[in-house]
Trainee: 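The structure's right below; bear with me while I get my questions together.
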Number of protein chains: 2
Amino acid sequence: MTTVLRSDDMRRRNRNLIMEIVRRKGAISRSAIAQTAALSPATVSTISNDLIAEGVLVAQGNGSAASSGRGRPSVHLSINPEFRHAVLIILKIGALNVSIIDYAGAVVAHQDFHIDMANIRAEEFRRTLIAEVRQTWDTSGLDEAQLARISVAIQGTTDTAGVHMLRSPMTPLTDVPIGPWLEEAFGAPVRLANDCDLIARALNWRDPERYSDNFAAILLAHGVGMGLFLRGQIINGTKSSGTEFGHMLHRPDGALCRCGSRGCIEANAGDYAILRRYRGDPADSAPASRVSAREIAAIAEAGRAGNERALDALAAAGRALGSGLAGIYALVDPFRIAFVGHGAAAFSLMEPALRQTLENSNARAARDVPIDLFPDEMPLVREGCCIDALSDIDARQAAKVNDFARA
Amino acid sequence: MTTVLRSDDMRRRNRNLIMEIVRRKGAISRSAIAQTAALSPATVSTISNDLIAEGVLVAQGNGSAASSGRGRPSVHLSINPEFRHAVLIILKIGALNVSIIDYAGAVVAHQDFHIDMANIRAEEFRRTLIAEVRQTWDTSGLDEAQLARISVAIQGTTDTAGVHMLRSPMTPLTDVPIGPWLEEAFGAPVRLANDCDLIARALNWRDPERYSDNFAAILLAHGVGMGLFLRGQIINGTKSSGTEFGHMLHRPDGALCRCGSRGCIEANAGDYAILRRYRGDPADSAPASRVSAREIAAIAEAGRAGNERALDALAAAGRALGSGLAGIYALVDPFRIAFVGHGAAAFSLMEPALRQTLENSNARAARDVPIDLFPDEMPLVREGCCIDALSDIDARQAAKVNDFARA
DNA sequence: GCCCTTTAATTCAAGCCTCAAAAAAAATCG
DNA sequence: CGATTTTTTTTGAGGCTTGAATTAAAGGGC
């Protein structure tokens, strides 16, 4: 069922549109905004002057930008970095990275911590997390009133609201209320998101031409995860965020997975699975708990040098990924894939098996699906987390102004 | 990227909202509309009087509806059946059903034709189709200017635009331009849609409480198809409509499918697959070309009486369906399923195997997913086709009025 | 039979919002 | 220094929704 539309909704949406354009372009004149947004100059003027008055945007005399000829010079608008700040937290096995960013997305403070969550109790985790975030915040020298949002990227699943961390390979703890913890400690809205979802979000942000309606980001690391966009919207569980692509069944009674099941895609394409097969360990042997990027790189190297076991292990990974994709492609026509993470560095050796698997499937046309590689996932996770935080601040500010005007 | 919003968009959307409410409620007063839509009585008054002036709605003195007490009696608004008419065409193996409906969705003419498309040439198909539609139209005695829309339900896939029929089990013809044929012959907009998608649409229309954000309709007939809603939107291929759920791989090198591959879900759960296994025919024997509903019912009957082969065949179907669902549930958390078609009448005997398969999968929680049964798919296909046609007429009319006002 | 109460629908003025056109601002060019 | 050019702002018009006031059309009570 559609929902009512009032005139302030109109303003809010056009305002968000302008913010999106400014964020993407960095610095842009009012008239250029009007053109890209298909809004009239008058409207852009009104809205952007409001934004400047609020302190959201700043106008900077065109400055260096070659006073490009005749006419009144355009004034470039840009995000006011000082307007608000956000905390980005990236939680992954063994590590906790905290960044403080300004409203323009620049990192103003950053610290990396080690954390072993394998045997941690919830209360200890809570204290550690808060202490390390606070410590990082303090190095920024900012007033806490400046903090408008905390975004957390996690390996694992969250509830849809992005409040609790349901399950994660980092820890045996389940249903961890990270959201409420941080909200209570810092008084700012908090949202958790799955790392793969954030990678997909980042790709969509970076290059909306390529990554718009339908595409997936597949993280090839210790585990295998997927961030999926369909019809321009991110698809995550109805109850939890993050698709469990890695735990789709590839081969009944196949190799043993970290999750305890057998035959998952991950049990064939995750780091530990590739290593296990390369070593010739039995398929039901316990997954290694940690595999370094170097080890995977070494296997790829061996494969390129012609090592049969390496080639076999990587081909198996390719087949598992291909069969999972074929399943999805039966539901939705083939779409672009980005393989992300250090597994992507070995992808060229998985690719033939993957494409062959697609060709043998019912989604034959998927054989030629475009695939991009991003061996380092961290910049994408950070970028996704960043845009998640900032666009949320934008939206909240727009809603606040609206409510204020109404009251 | 979001898009601009102007004040006429607002009006169009609120108008559509009102139409949706009137369509769903059948006859409803202005004040009741205002309440359900969360619009002010003033706005509803303005818009609905416009609609009445255009002839879209009619006002009927509350009539029978017990003059419910004090106060000025409410006037019920309802769709004006005479405003426009639509042609609904349902194409399935061996049959071509044509209905003419009025603007309120009532069938004013209907004819069923037999058609064998196994060895038909495109030109002959075109002529037959047009002739039979025209013949049915003529029995209605309506003026052709009354025809505002043609909606076609097909077994098979279409392009996303809903213009060409790409592939269908009905015929070896591919890429059949049914849309352009009919548009040229009747001068009304035409859209083709996959039958499973329409079934899902119908469920969403009938019972939006139950079938809203995430659910799937699975058609169990000769083939196995799926209409899938995620986040309230129908998901079909990026290039073709209709998910190919039936051709997801269930078991590598498994039973022979109609499509030529092996191990598809359909090759285990389609009519012919159940019959084949029941008879004890080898799994690679050629699929029967047609199986009647009675045959499936007989197998179910035998199963209920304890026949082992029948139970085995139906359990195999349940396992195949369960494994396909488990795959989807790994991507999206478990959602409600409606099994539709005569296979649904035998579902109780597939259910234990299906739920067991889910329980053994990684989507363990999916074991308790709610499942509804609709043994007769035709009313749903018709209803989906009907609402598809009518809501399109509504939207076009709203856009036309808007454009007119702007010019 | 008349007046009061109650509920539905309409009218009206006000407040937003966007837009086109005109005006103002701020440069360059000759 | 005035003409030209381009950007931005101002202004007036028109569309939309809304709350409040008004009108319409009943039933209830005396």
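Here the structure is a predicted model, which is why all the values come from computation and not from measurement. Lettering follows sequence order; numbering is per chain, from 1.
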Trainee: Does dT17(D) have OP1 or OP2 sitting under 4.0 Å from an N or O in the side chain of Asn14(B)?
Mentor: yes
Trainee: Any idea which heavy atoms bring Ile18(B) and Val44(B) closest together, and the distance?
Mentor: CD1-CA, 4.2 Å
Trainee: Evaluate the side-chain proximity of Arg382(A) to Leu88(A): yes if any heavy-atom separation is below 4.5 Å, no if none is.
Mentor: no
Trainee: Round to a whole Å and report the spacing from CG of Asp9(B) to C1' of dC16(C).
Mentor: 16 Å
Trainee: Rounded to the nearest angstrom, tell me the gap between atom CZ in Arg11(B) and atom P in dG14(D).
Mentor: 17 Å
Trainee: Go through dT7(D), dC17(C), dG28(D) for me and flag the one nearest to the Ser74(A) side chain.
Mentor: dT7(D)
Trainee: Once you apply a heavy-atom cut-off of 4.0 Å, does Thr43(B) come out as touching a base, just sugar-phosphate, or nothing?
Mentor: base
Trainee: Considering non-hydrogen atoms only, spot the tightest contact between Leu192(B) and Thr158(B) and give its length.
Mentor: CB-CG2, 3.8 Å
Trainee: Looking at every strand, decide which applies to Ser7(B) at a 4.0 Å heavy-atom threshold: base, sugar-phosphate, or nothing.
Mentor: sugar-phosphate
Trainee: Which whole-number value in Å describes the distance from Ile52(B) CD1 to dA8(C) C1'?
Mentor: 14 Å
Trainee: Can you tell me the distance, in whole Å, between the CG atom of Leu77(A) and the C1' atom of dT8(D)?
Mentor: 11 Å
Trainee: Select one nucleotide: of dA9(C), dT17(D), dA27(C), the one nearest the side-chain heavy atoms of Ile47(B).
Mentor: dT17(D)
Trainee: So which one's nearest nucleotide on DNA chain D is more toward 5', Leu5(A) or Ser48(A)?
Mentor: Ser48(A)
Trainee: Do Phe215(A) and Phe335(A) have their ring centres less than 6.0 Å from each other?
Mentor: no
Trainee: Would you say Ser45(A) places a side-chain N or O within less than 4.0 Å of OP1 or OP2 belonging to dT8(D)?
Mentor: no
Trainee: So does Arg72(A) reach the base of dT7(D) with its side chain, donor to acceptor, closer than 3.5 Å?
Mentor: yes
Trainee: Does a nitrogen or oxygen in the side chain of Arg70(B) sit under 4.0 Å from OP1 or OP2 of dC4(C)?
Mentor: no
Trainee: What is the distance, to the nearest angstrom, from the CG atom on Asn49(B) to the C1' atom on dA8(C)?
Mentor: 12 Å
Trainee: Given dC16(D), dA9(C), dA27(C), which nucleotide is nearest the side-chain atoms of Arg30(B)?
Mentor: dA9(C)
Trainee: Under 6.0 Å from the ring centre and within 45 degrees of the ring axis: does the NZ or CZ of Arg23(B) meet both conditions for the six-membered ring of Tyr103(B)?
Mentor: yes
Trainee: dC17(C), dA27(C), dT7(D): which one has an atom nearest the side-chain heavy atoms of Ser31(A)?
Mentor: dT7(D)
Trainee: Want to settle it: does Pro41(A) or Leu39(B) sit nearer the 5' end of DNA chain D, counting the closest nucleotide to each?
Mentor: Pro41(A)
Trainee: Atom CD1 of Ile28(B) and atom P of dA8(C): how far apart are they, to the nearest Å?
Mentor: 12 Å
Trainee: How many whole angstroms separate atom CZ of Arg6(A) from atom P of dC16(C)?
Mentor: 15 Å
Trainee: Find the distance Asp50(A):CG to dT8(D):P and express it as a whole number of Å.
Mentor: 16 Å
